[in-house]
Amino acid sequence: MKIVFNQQINPKIQAQLSDELSKMNCKIKQWAQHVVFLDKSLPLAAQTKLSSLMPEIISFTESAWPLVASVPKNTNTIAERLIIAGPCSIESDQQMRLTAKAIAAAGATALRGGAFKPRTSPYDFQGLGEIGLKYLHEAARAHNLLAVSEALSIAEIPLLNDYVDILQIGARNMQNFPLLKALGKINKPVILKRGPWANYKEFLFAAEYILEHGNTQVILCERGIKSFETMTRNTLDLAIVPIIQAITKLPIIVDPSHAVGVNFAIPAMARAAIAAGADGLMIEVHPKPQQSISDAKQALSFAEFASIMESITAIAGA
Ligand code: PEP
Ligand code: MN
């Protein structure tokens, strides 16, 4: 059994817990930052007693993902339904301003855009860097939207901290453990995208890394996985929504854009994600979709995005 704490276990908590557990004839197998691993399961009466003595205890669990399974829903960090829209890459000030205005009018809650791009080829556009983050930040503020952008490595975290409200970790970095540990030390929500090769367990363990290092504001994002199919960019695995919701209270959003990679299929998949119970969406939108520097095939127009928003409002209200 594991005991989960709402804060880093300090020497005072450590001493009190050791003392109480020894009275209960229970041994400690391992200390982690927020979790204590015990050598056996404690009966309910003992759990109740410990909880009353130590208000720092969140839960007792047998789960392999003690924090993912125990952390209460953090309603303060994100809107009830997090709808993130914006271009794949930040390209210009005007592009971001136009996009922010259009998506805010359609009901989105956050503006996205990559300033540091994880491109398959080193010869493709790598992103505008800091000036891009400035465009994103200003456009988002002007329309009361949250700003979302990707950190490719630990080195970019301080810069992103200055300009964005939510940091995004790309699919390719899902198991970049030093990066996950560093994200645990920041005080901002983190969107963790599922690796295209990763099963649910690997995804949950990656989230557990961020939580264990102190940041409980993790938002999971399904963005499609590799399969034998070639007509879509990836295969959208919507079963993850109810499965993850049965295991954890962490919000899970869906990115249908990178999942299917072709613009005409995105609205149907966005509606399906909301019908499946997703806590939000991430959708790539561009003022001139065909002219997008990156991911042009999956970019939607403002009108297409507004029409998705109308249809998901009807589904969510149903
Ligand atoms: C993105 O959202 O900009 C992106 C690169 O997506 P992914 O990491 O899911 O490929
Ligand atoms: Mn993209």
Side-chain angles (χ1 to χ4, degrees), residues 82-91 95-96 99 103 108 110-122 124-129 132-133 135-136 140 146-153 156 160 163-176 179-180 183 189-198 202-203 206-207 210 218-227 232-238 240 252-263 265-266 269-270 273 278 280-301 305:
L82 183 63
I83 307 289
I84 307 165
C88 181
S89 302
I90 301 165
E91 297 166 12
Q95 172 216 32
M96 296 311 286
T99 307
I103 66 161
L111 177 66
R112 65 152 282 151
F116 301 97
K117 295 301 301 175
R119 302 307 300 279
T120 303
S121 161
D124 288 338
F125 180 56
Q126 304 285 306
L128 289 182
L133 291 177
Y135 299 154
L136 167 71
L146 299 168
V148 182
S149 200
E150 175 170 353
L152 273 185
S153 70
E156 287 132 21
L160 281 151
Y163 290 104
V164 307
D165 303 294
I166 305 178
L167 273 75
Q168 176 178 326
I169 297 310
R172 295 158 183 81
N173 263 324
M174 192 206 82
Q175 280 187 322
N176 180 338
L179 180 58
L180 299 179
L183 293 164
V190 173
I191 292 176
L192 180 65
K193 297 191 92 176
R194 179 186 181 184
W197 67 88
E202 289 159 334
F203 195 22
I210 303 175
V218 175
I219 301 160
L220 303 171
C221 179
E222 162 65 31
R223 46 77 76 208
I225 51 174
K226 293 275 175 227
S227 78
T232 49
R233 186 174 179 182
N234 292 284
T235 292
L236 181 59
D237 177 17
L238 277 185
I240 195 171
I252 174 151
I253 66 169
V254 172
D255 168 355
S257 304
H258 291 89
V260 295
V262 281
N263 53 12
I266 294 167
M269 293 299 96
L281 295 170
M282 175 182 280
I283 297 180
E284 287 190 344
V285 171
H286 193 283
K288 294 191 174 135
Q290 285 90 8
Q291 289 173 28
S292 297
I293 294 183
S294 54
D295 286 349
K297 282 194 211 138
Q298 68 195 40
L300 296 188
S301 68
F305 178 70

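As the structure is a computational prediction, the values presented were derived from the model and not from experiment. Each ligand, and each atom within it, is numbered from 1 in the order the structure gives.
Using a 4.5 Å heavy-atom threshold, the side chains of Ile103 and Phe305 count as touching. Leu220 has its side chain out of reach of Ile240: every pair of non-hydrogen atoms, C-beta onward, lies at least 4.5 Å apart. Under the 4.5 Å side-chain criterion, counting only non-hydrogen atoms from C-beta, Lys117 is in contact with Cys88.
Around the Mn ion (ligand 2), the protein contributes the following N, O or S atoms at distances under 2.8 Å: Cys88 SG, His258 NE2, Glu284 OE2, Asp295 OD2.
Scanning all heavy atoms of the two residues, the minimum distance from Leu160 to Ser149 falls at CD2-CB, 3.7 Å. When all heavy atoms of Met174 and Phe203 are compared, the pair lying nearest together is SD-CD1, 3.6 Å. When all heavy atoms of Glu91 and Ser294 are compared, the closest pair comes out as OE2-N, 4.5 Å. Across every non-hydrogen atom of Pro189 and Ile219, the tightest pair is CB-CD1, 4.1 Å.
Listed by chain and residue number, the protein contacts of ligand 1 are Arg112, Lys117, Pro118, Glu150, Gln168, Gly170, Ala171, Arg172, Lys193, Arg223, His258 (heavy atom within 4.0 angstrom).
Inspection of the Asp295 and His258 side chains reveals an N or O donor paired with an N or O acceptor under 3.5 Å.
Between Arg112 and Glu284 a salt bridge is recorded (basic side-chain N to carboxylate O distance below 4.0 Å).
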